[in-house]
Amino acid sequence: MGQQKITVPKGTKDILGEEVVWWQKVEEVVREMANLFGYQEIRTPIFEQTELFARGVGEETDIVQKEMYTFQDKGGRSITLRPEGTAPVMRAYIEHGLSVTNPRVKWFYLGPMFRYERPQAGRMRQFHQFGFEALGFSRPAVDVEIILVAYLIYQELGLSELTLELNSLGCEKCRPSYLSKLTKFLEERKDNLCANCVRRLEKNPLRVLDCKEEGCQNLFKSPSFPVIEEYLCSDCRNHQFKVEAGLENLGISYQINPFLVRGLDYYTKTAFEVKTGQLGAQDAIGGGGRYDQLSAALGVPGVAGVGFAAGIERIVLLLEKTQQETRPKKVPCLYLSPLDEEGEKQVLRLARELTKWRVPFYCDFADKGLRYHLKKAQKSGVKWVLMVGQEEIERGGFSLKNLTSGSQVFLQEDELLRLLQKEKSLC
RNA sequence: GUGGAUGUAGCUCAACUGGUCAGAGCACUGGACUGUGGCUCCAGGGGCUGGGGGUUCAAAUCCCCUCAUCCACCCCA
C-alpha cells in the first residue's frame, strides 16, 4: 500500500512563482492608497467567537447558515474562522473603547478569510480580502471617499471595464415599510416565483431581488413592482442623493441597480458592488456600503460605519487575464557566481557589503562551472554577473560582466561598489 | 448542498473500434564546450495512466465507487 500523496486542502492553494508577484503588486497598491488617504492598518485575529458573526453578519445569511468554519476549541468555546472582515473590525472598535476615546477612525486590513463553499474559479475556501472601513462617520462624503479609494486602487492596478453598481437599502426607519410592501406584492404573486424565492420570501424577502430566474425577473419588470428608491425616508433619500452627487463631482460613473442587495444583513443606506464581465459567474471583485446598524447588533448602538472589501484572488485573475504584458518582474541587479570554495567566501563577504549599499543581488552557490552560471544568469534576466574564482582572487578583484552588452571589466572592490551604486537604479 | 464535464511525465498534449515494453514537445540533468551566456547536436532521468474495485485471455481505453479540478446553480470576494 503506497503512501497517499499530501496535497493542499480542498479550496486552498499555494501562491508562488509569477503569481506571487501579482499579489505583492496588489498589496503594494493597497498599502500605498491607505497611506495616502490616512487609513491605518488593523490586524484582527483569524478566528473569533462564533457569536460575533452570528450576531454581526446576521443569523439568516448564507454565510452564517452554511458557510462558516466553526469548531469547538479544547476549552469548549465555539470558534469561527473569520468569513469576512467588517464584524471583527467593529468588535475591535468597541472592545478598545474607541467610541469614547477616539470615535472617528479609518482603518484598512488585508488577509485571509474562510468560507466553506464548493470551490470554483475565483471562489476559494481560504480566500483573501483587503478592506477599508471608516467608523464613526455618518456624512455621505465618507461613502464617496470609500468608493473613491476603491476606484483609485482598481485604476492604479490598470483595471478598466469595471462597472460600479449602486443602491440604497434604506435604514431601520424606512426599510420595514418597504419590506412589507415588497412582501405583500410577492405574496400575491407567489405562484410566479421560483421555489428558491418562495423560501426567501419567508426568511429574507430582500434577497428575492437578487434572483436571476426568468419568472421572477418578469415580476420585477411589472409597473406596479415596488422599487426601494420610492420608499426611502427623507434622510436616506437625501443621503443617497448626496452620494450620487459626490460621485458625479469626481467623474466616477455608476449604475443605479435597485436590485442590488448584499449578502450580509448589516448594510443600511449605501450599498455598492464593483463587477467585471471577464470572470464568469464570480463577477464581483469588490463591494461594500454603509452599516450603521452593525454596532447595535454587537450591543453598542449608534456607531456609524462605511467600508468596502475586495477579493485579491479575483483581482489577480483579472490582472493575469488582461495585464500579461505589464506583469511586474522581480529581477536582482547583480548575479554573484562563485566558481570555487574561495570564491564562495569572497561572495559572502561581498554580500554583506552590497546590503550596505542597498544593491539587490542573488548568490548562486551551485557547484558548477562558469558556463552554467552564465546560462542561469542569462535566463534570470539579470544585467550584471560577478564572477569570483581563483583567477580573481589571485589578482585581488572581481570580474564583472554586462550581459546586455557582453562587455567585461576587472574591478577592485571599491570601484565595483561605486559602479553598482550608480547602476542599481537602472536595474 | 445540486447538476454537468474532465483527470495520462513538473507543464501542454498523443496512444485507430479494449491488443506488443504508454509516446512527443517544452522543462530538467549530463556531455560535445576543463573559466565565458543566448544557437545547435547527442545522451539521460523521470509515469502503479488521480485512487480503489469489477468485466475480460487482455484495460489508459468499458462498468461501479471514491477523490480532485473546472463549469453552472446557489452565494458572494
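Per chain, numbering begins at 1; letters A, B, ... match sequence-line order.
Contacts of A/Met124 with the nucleic acid, taken as non-hydrogen atoms under 4.0 Å apart, include base atoms. As judged by a 4.0 angstrom heavy-atom cut-off over every strand, A/Gly286 is placed among residues touching the sugar-phosphate backbone only. Within 4.0 Å of A/Glu392, counting heavy atoms only, lies at least one base atom of the nucleic acid. A/Gly85 comes within 4.0 angstrom of nothing in the nucleic acid, heavy atoms only. Nucleic acid contact for A/Glu67: sugar-phosphate only, since backbone atoms but no base atoms lie under 4.0 Å from a heavy atom of the residue. Residue A/Ala121 is classed as a sugar-phosphate contact, given heavy-atom separations below 4.0 Å to backbone atoms only.
When the C1' atom is compared between B/G1 and B/G10, the two are found 35 Å apart, to the nearest whole Å. Here the separation of B/G31 from B/U8, taken at their P atoms, is 33 Å to the nearest Å. Remark: the separation of the P atoms in B/C21 and B/C16 is 16 Å, to the nearest Å. Taking the P atoms as reference points, B/A15 lies 11 Å from B/G7, given to the whole Å. Nucleotides B/G46 and B/A9 have their P atoms positioned 15 Å apart, rounded to a whole Å. As rounded to the nearest Å, B/U6 and B/G50 have C1' atoms that lie 12 Å from one another. A distance of about 14 Å separates the P atoms of B/G38 and B/C33, rounded to the whole Å. Taking the C1' atoms as reference points, B/G25 lies 41 Å from B/U2, given to the whole Å.
Here the side chain of A/Lys376 is nearest to one of B/G35, B/C76, B/U29, namely B/U29. Listed candidates were B/A77, B/C70, B/U29. Nearest to the side chain of A/Pro119 is B/C70. Minimum atom distance to the side chain of A/Lys10 is reached by B/A68, of the listed B/C76, B/A68, B/U36. Between B/U29, B/G35, B/A77, one nucleotide has an atom nearer to the side chain of A/Tyr372 than all others, and that is B/U29.
Judged by atom type and distance alone, A/Asp283 reaches the base of B/C76 through a side-chain donor-acceptor pair under 3.5 Å. Residue A/Arg371 places a side-chain atom within donor-acceptor reach of the base of B/C33, judged by atom type and a 3.5 Å distance cut-off alone.
With sequence neighbours excluded, the residues forming a side-chain contact (heavy atoms from CB on, under 4.5 Å) with A/Lys10 are A/Pro119, A/Arg125, listed by chain and number.
For A/Arg290 (side chain) and A/Thr270 (main-chain N/O), no donor-acceptor pair under 3.5 Å exists by modelled atom type. A side-chain donor-acceptor contact under 3.5 Å links A/Glu84 to the backbone of A/Ala87.
For the pair A/Arg189 and A/Phe185, the cation-pi criterion (under 6.0 Å, within 45° of the ring axis) is fulfilled.
B/G35 atom C1' lies 14 Å from atom CG of A/Leu386, rounded to whole Å. What separates CD of A/Gln390 from P of B/U36 is a distance of 15 Å, to the nearest Å. Between A/Ile285 atom CD1 and B/A77 atom P there is a gap of 12 Å when expressed in whole angstrom units. For A/Gln120 and B/C70, the CD to C1' distance is 9 Å, given to the nearest whole Å. We find that CD of A/Gln378 is positioned 5 Å from C1' of B/G37, with the value rounded to whole Å. Distance A/Trp384 CH2 to B/G37 C1': 15 Å, rounded to the nearest Å. In this entry the distance linking CG of A/Leu370 with P of B/U36 reads 7 Å, nearest Å. Between the CE atom of A/Met68 and the P atom of B/G1 there is a distance of 17 Å, given to the nearest Å.
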Query raised in the report: Given pairs defined as Watson-Crick or G-U wobble with both distances under 3.5 Å, what dot-bracket annotation applies to RNA chain B, with ( ) intrastrand, [ ] crossing, | other strand and . unpaired?
Result: (((((((..((((.....[...)))).(((((.......))))).....(((((..]....))))))))))))....
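Counted by atom type alone, A/Gln346 and A/Glu342 present zero donor-acceptor pairs between their side chains at under 3.5 Å. Counting only N and O atoms by type, the side chains of A/Glu133 and A/Tyr39 include no donor and acceptor under 3.5 Å apart. For the 3.5 Å distance criterion, the side chains of A/Ser399 and A/Glu392 qualify, holding a donor opposite an acceptor.
Shown here for A/Val359 and A/Lys424, the closest heavy-atom pair between the two residues is CG2-CD, 4.2 Å. For the residue pair A/Ile228 and A/Gly170, the shortest heavy atom distance occurs at CD1-N, 4.3 Å. The shortest non-hydrogen separation linking A/Val142 to A/Ala134 is CG1-CB, 3.5 Å.
Toward the 5′ end of RNA chain B lies the nearest nucleotide of A/Thr404, the other residue of the pair A/Lys66 and A/Thr404 mapping further downstream. Two residues, A/Tyr267 and A/Gln282, neighbour RNA chain B, and the one matched to the more 5' nucleotide by heavy-atom proximity is A/Gln282.
A sub-4.0 Å separation between OP1 or OP2 of B/C28 and a side-chain N or O of A/Lys379 is present. Under 4.0 angstrom from either OP1 or OP2 of B/U36 there lies no side-chain N or O belonging to A/Gln408. At the phosphate of B/G1, neither OP1 nor OP2 sits under 4.0 Å from any side-chain N or O atom of A/Arg118.
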Could you list, one pair per line, each protein nitrogen or oxygen that sits under 3.5 Å from a nitrogen or oxygen of nucleotides 10-13 of chain B, together with the distance?
none

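Results of the ring pair (Phe, Tyr, Trp, His ring centres under 6.0 Å) test with A/Phe308 over A/Phe132, A/Tyr154, A/Phe108 single out A/Phe132 as the only residue that passes.
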Requested in this report: May I have the step-by-step check of side chain to side chain contact (heavy atoms under 4.5 Å, CB included) for A/Trp384 and A/Leu400, ending in yes or no?
Outcome: CA-CA 7 Å; A/Trp384 299 98; A/Leu400 183 69; 3.6 Å; yes
